[in-house]
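Lettering of chains follows the sequences in order, A, B, ..., and the numbering in each one begins at 1.
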Protein chains: 2
Amino acid sequence: MPGSSTFLQACAREPVSTVPVWYMRQAGRYQPEYRKVREKYSLLEIVRHPEICFQVTKLPVDQLNVDAAILFSDIMVPVGPLGVKFDIKEHVGPVIESPVRSAADVDRLHLYDPNIELPYVMETIRMLANDLPVPLIGFTGGPFTLASYMIEGGPSRNYVRTKQLMWSEPAVWHTLMDKLAEMNIAYLTAQIQAGASAVQLFDSWVGHLAPEDFERYVLPAVQKMFTALRPLGVPLIYSGVITGELLPLIAQSGATVVSIDWRVPIPEARKRLGSHIAIQGNLDPVLLFAPWQELERRARAVVDAGIAGPGFIFNLGHGVVHNNPTIETATLARLTEFVHEYSRERLAQGAADWV
Amino acid sequence: MPGSSTFLQACAREPVSTVPVWYMRQAGRYQPEYRKVREKYSLLEIVRHPEICFQVTKLPVDQLNVDAAILFSDIMVPVGPLGVKFDIKEHVGPVIESPVRSAADVDRLHLYDPNIELPYVMETIRMLANDLPVPLIGFTGGPFTLASYMIEGGPSRNYVRTKQLMWSEPAVWHTLMDKLAEMNIAYLTAQIQAGASAVQLFDSWVGHLAPEDFERYVLPAVQKMFTALRPLGVPLIYSGVITGELLPLIAQSGATVVSIDWRVPIPEARKRLGSHIAIQGNLDPVLLFAPWQELERRARAVVDAGIAGPGFIFNLGHGVVHNNPTIETATLARLTEFVHEYSRERLAQGAADWV
């Protein structure tokens with residue numbers, strides 16, 4: 001890990017010379033090289049093979065000149081050793097063999113030592129931490145999002161069974177949240193000990209909850225996680241989409257960095273989060289399909305809003321979208337270069353007047 | 001239409017004795033009677049047969065004791081006569097035969113007289129307006145939502161082609177928005193002339209846009225519509241989901257009522273919309289699957305927040321969800337009764353201190 005990382009500086013809300021950049025799902029289907037790897041290996045096979053996972057994680061750092069790497073994995077990986085059998089189906093997502101829906105199902109989930117059950121993840125992290133020129137972000141799934149897959153049995157549109165369990169059996173729900181928090185604490189602790197310089201909690205679907213439900217049924221588990229991880233001294237990133245109305249609550253989660261989507265203007269997010277939290281975001285990932293002129297104009301606006309306060313990491317509001325036709329690696333590389341150059345210029349001009 | 005309708009009073013932000021209630025998708029799959037009709041007729045066949053459409057529209061008024069009926073139809077109905085061939089596929093949604101993606105495609109769309117091309121819609125409305133004990137809400141699809149189906153060719157996850165057209169060919173996009181606005185003005189005018197007492201614009205997917213994009217690419221078309229319809233003197237309802245961050249812009253649309261989802265607390269929505277707009281919403285539709293005690297508690301909170309300002313209509317934050325197992329008609333009927341009784345009591349106690 002480099003001595004002076006703009007990514008870690010921004011996470012700590014320290015002044016930077018350039019705005020750090022990385023992209024959610026920067027390793028993925030849009031890359032021809034990744035598609036080639038996927039011809040031979042499934043997503044979970046990649047995760048289980050440190051040498052392949054190392055390559056897949058590292059490739060976008062080389063190609064895009066980003067300021068952080070993110071471990072290639074899937075949010076469901078830590079759920080397997082709990083005793084939940086699942087597969088990742090192409091064009092569908094996680095599919096669970098026996099959904100978790102009763103007190104007995106929740107009781108059956110057994111906590112485990114991630115260094116023993118998921119040794120390949122830690123091995124990949126050690127290899128990456130030794131080799132990468134930038135910090136490595138470890139990650140896991142947020143408690144609501146993981147619970148929704150486990151309960152629904154796969155992706156969902158309305159989260160009917162998930163919310164039903166939450167409202168009709170709150171004790172079972174809280175036991176489940178608590179187990180997922182414990183699991184995540186152990187998993188992220190192991191990732192940090194193996195060399196991850198930051199960790200991100202992908203609670204992707206939490207934006208389907210009313211603020212009251214988030215506060216009552218999810219926030220305590222997130223707080224428990226971040227409280228336990230705080231002493232390890234790495235940035236704790238919370239990310240979700242459609243979380244605009246939850247930001248005042250997320251501000252109380254213990255997260256040190258919060259990822260926001262393109263729906264929330266950055267100044268508004270700052271107001272709702274308060275001054276103790278760094279912001280990551282928030283370009284609409286579909287803008288990568290726009291003409292360069294529009295993409296550049298919008299990236300400039302994100303940088304301008306971002307550097308107006310302490311702690312800003314340029315990212316997309318959600319993962320890179322793979323479509324047909326897909327975006328070019330060159331577009332993302334050009335975007336990184338633009339953000340670096342434009343922000344360096346603006347920061348040199350004294351645009352960050354909070355410094 | 002009744003002389004004194006709480007629904008119309010609330011739309012006009014006048015004091016009411018009870019909070020009016022209706023439910024988006026109050027006619028639909030959750031009803032055994034509707035499922036039976038659908039065994040014989042497709043959705044579009046129902047729309048084309050006034051006597052059947054009349055029954056389907058009227059049934060929830062009788063069953064649920066709601067304060068407004070909403071015309072049974074599909075947002076795609078007015079798009080057909082423009083020259084866009086489509087079908088509504090079960091469990092999928094609208095599927096377009098030849099998507100609209102070029103300037104030539106947009107030029108080919110021809111405006112039409114809805115009284116000539118969609119006479120059955122107006123016939124259904126006339127029958128309903130003569131018969132119903134409550135006001136009838138007419139409706140159409142919002143310009144962004146209709147455009148997204150026409151461009152993508154069906155439902156979409158990321159709206160890549162839609163946003164691509166918007167950003168890469170803004171002139172073509174604006175021509176399309178303009179035609180859809182003109183189409184909607186003619187269609188809703190005909191509905192109002194046939195007897196609709198209010199109209200709702202379902203711009204369901206507009207919440208996928210950043211505020212800047214909504215302002216630039218969609219708002220002008222909505223403003224054009226509402227400006228043209230305003231002189232007809234009926235409430236103009238704008239509805240979408242995930243629109244929290246767009247509310248300050250929607251406040252400038254000319255809508256007299258705005259439907260909000262469960263993500264936005266009602267006091268927050270009032271702040272963003274200003275005092276000139278009535279609010280409709282905003283119970284999470286999945287709460288209909290919760291135990292009655294929780295459903296009642298949450299409905300009470302919605303009523304309490306709603307009556308704290310002028311102009312409030314109780315509704316769901318999105319349409320009734322049909323799941324397996326589905327909700328009972330009795331649950332919705334009980335909810336209507338609860339909202340009526342609880343709000344009557346609170347209003348009699350002087351809870352609406354803005355009066």
Report summary line: Of B:Arg157, B:Glu294, B:His208, B:Gln293, the largest count of non-hydrogen pairs under 4.5 angstrom with chain A goes to B:His208
Report task. May I ask you to decide whether A:Arg272 forms a salt bridge with B:Glu268, counting only side-chain N to carboxylate O separations under 4.0 Å? Result -> no
Report summary line: Turns out that what part of A:Asp284 lies under 4.5 Å from chain B's heavy atoms comes down to side chain
Query raised in the report: What part of A:Pro285 gets closer than 4.5 Å to chain B, counting heavy atoms only: side chain, backbone, both or neither?
Result: neither
Query raised in the report: Looking only at heavy atoms, which two atoms of A:Ala290 and B:Trp167 are closest? And how far apart?
Result: CB-CE3, 3.5 Å
Query raised in the report: Mind checking whether B:Val286 and A:Tyr159 have side chains closer than 4.5 Å, heavy atoms only?
Result: no
Query raised in the report: More than 12 heavy atoms of other residues, nucleotides or ligands under 6.0 Å from CD of B:Glu212: is that the case?
Result: yes
Query - Heavy-atom contact with chain B under 4.5 Å, split by part of A:Leu246 - result: neither
Report task. For B:Arg263 and A:Leu209, work out which heavy atoms get closest and say how close. Result -> CG-O, 4.4 Å
Query raised in the report: Atom CD in A:Glu245, atom CD1 in B:Ile260: separation rounded to 0.5 Å?
Result: 9.0 Å
Query raised in the report: If you count heavy-atom pairs under 4.5 Å between each of A:Asn282, A:Leu287, A:Asn323 and chain B, which one has the most?
Result: A:Leu287
Requested in this report: Heavy atoms only, distances under 4.5 angstrom: which of B:Leu295, B:Leu165, B:Val264, B:Asp261 has the most pairs with chain A? Name it, please.
Outcome: B:Val264
Query raised in the report: A:Phe214 versus chain B, heavy atoms under 4.5 Å apart: side chain, backbone, both or neither?
Result: neither
Query raised in the report: Using non-hydrogen atoms only, which part of A:His318 is less than 4.5 Å away from chain B: side chain, backbone, both, or neither?
Result: neither
**Report entry** Pairs of heavy atoms under 4.5 Å with chain B: top-ranked of A:Ala210, A:Gly317, A:Ala301
**Finding:** A:Ala210
Query raised in the report: Distance from B:Arg161 atom CZ to A:Asn324 atom CG, nearest 0.5 Å?
Result: 7.5 Å
Requested in this report: Could you look at A:Val160 and say if it's the side chain, the backbone, both or neither that has a heavy atom under 4.5 Å from chain B?
Outcome: both
